[in-house]
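Have a look at the structure below, then the notes.
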Amino acid sequence: QAQLVESGGGLVQPGGSLRLSCTASGFTLNSYVVAWFRQAPGKEREGVSCITSSGAITSYADSAKGRFIISRDNTKNTVYLQMNSLEPEDTAVYSCGATQLRKCIAGFRVESRGYGYWGQGTQVTVSS
C-alpha cells in the first residue's frame with residue numbers, strides 16, 4: 001500500500017529544534033514534489049515548505065524562512081524538515097504530501113491542492 005509516514009514530532013521548549021521525517025512506502029518518492037503542511041487547532045492548514053523532486057528548488061512560508069530547512073534523500077525515499085528556533089506559534093500537527101501535479105517554485109505559496117499522497121501527521125508542541 002502506497003503511503004507516507006511522518007515521524008520526529010514531540011514536545012520541545014521554545015528555542016529548541018526538531019527534525020521531522022517523511023518516508024514513502026509502496027512507491028518511489030524521487031519523482032514527486034514533496035511539501036510539509038501544518039494545522040493548528042482552530043486554524044486552516046498552512047503550507048510550510050516544499051521541495052522539487054531533485055531537491056534543487058525549495059520554497060518556504062514567511063513563518064518558516066530562516067528557521068526551517070527542507071531537504072531530501074532520495075536513496076532513503078525520505079524528505080526532512082529541520083526546524084530550529086521553534087516558537088509556541090509553531091505548535092501544530094505537521095503532515096507531508098507528495099504530488100506529481102504541482103510544482104514547487106521558490107517564493108511562491110505552497111498550496112495543498114493536487115497532493116495525492118498524504119501522511120497521517122505528527123504532533124509538534126512547543127512549550128516551556
Is the side chain of [X] donor-acceptor paired with the backbone N or O of [Y] at a distance under 3.5 Å, no angle test?
X	Y	value
Thr58	Ile51	no
Thr125	Thr91	no
Thr52	Ile57	yes
Thr99	Leu101	yes
Arg72	Gly55	no
Asn74	Ser53	yes

query = For residues Thr23 and Thr78, is any side-chain donor paired with an opposing acceptor at under 3.5 Å?
reply =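 Yes, a side-chain donor-acceptor pair sits under 3.5 Å.
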ask   = Just checking, any donor-acceptor pair under 3.5 angstrom between side chains of Ser31 and Gln100?
value =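 Yes, side-chain donor-acceptor contact under 3.5 Å.
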ask   = With Ser63, which residues qualify under side-chain hydrogen bond (donor to acceptor under 3.5 Å, both in side chains), at least two apart?
value = Arg38, Glu46
Is there a side-chain contact between [X] and [Y], using heavy atoms and a 4.5 Å cut-off?
X	Y	value
Ser21	Tyr80	yes
Leu4	Phe27	yes
Tyr94	Met83	yes
Leu20	Val124	yes
Ser49	Phe68	no

Taking every non-hydrogen atom, the tightest pair across [X] and [Y]:
X	Y	value
Ala92	Ala40	CB-N, 3.8 Å
Arg19	Gln82	CB-OE1, 3.4 Å
Ala61	Gly47	CB-O, 3.4 Å
Asn30	Asn77	N-OD1, 4.3 Å
Gly121	Ser95	CA-OG, 3.5 Å
Ser17	Asn84	OG-OD1, 3.0 Å

key: Matching residue for Val110 among Tyr60, Tyr115, Trp36 - test: side chain to side chain contact (heavy atoms under 4.5 Å, CB included)   =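 Exactly one pass, corresponding to Tyr115.
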inquiry  = Strictly by disulfide bond (SG atoms under 2.5 Å apart), give each pair with a member in residues 33-89 just once, sequence neighbours left out.
reply    = Cys50-Cys104
message = Taking salt bridge (charged side-chain N to carboxylate O under 4.0 Å, His left out) as the definition, give me every residue that meets it alongside Lys65, ordered by chain and number, with sequence neighbours left out.
response =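 Per chain and number, Lys65 pairs via salt bridge (charged side-chain N to carboxylate O under 4.0 Å, His left out) with Asp62.
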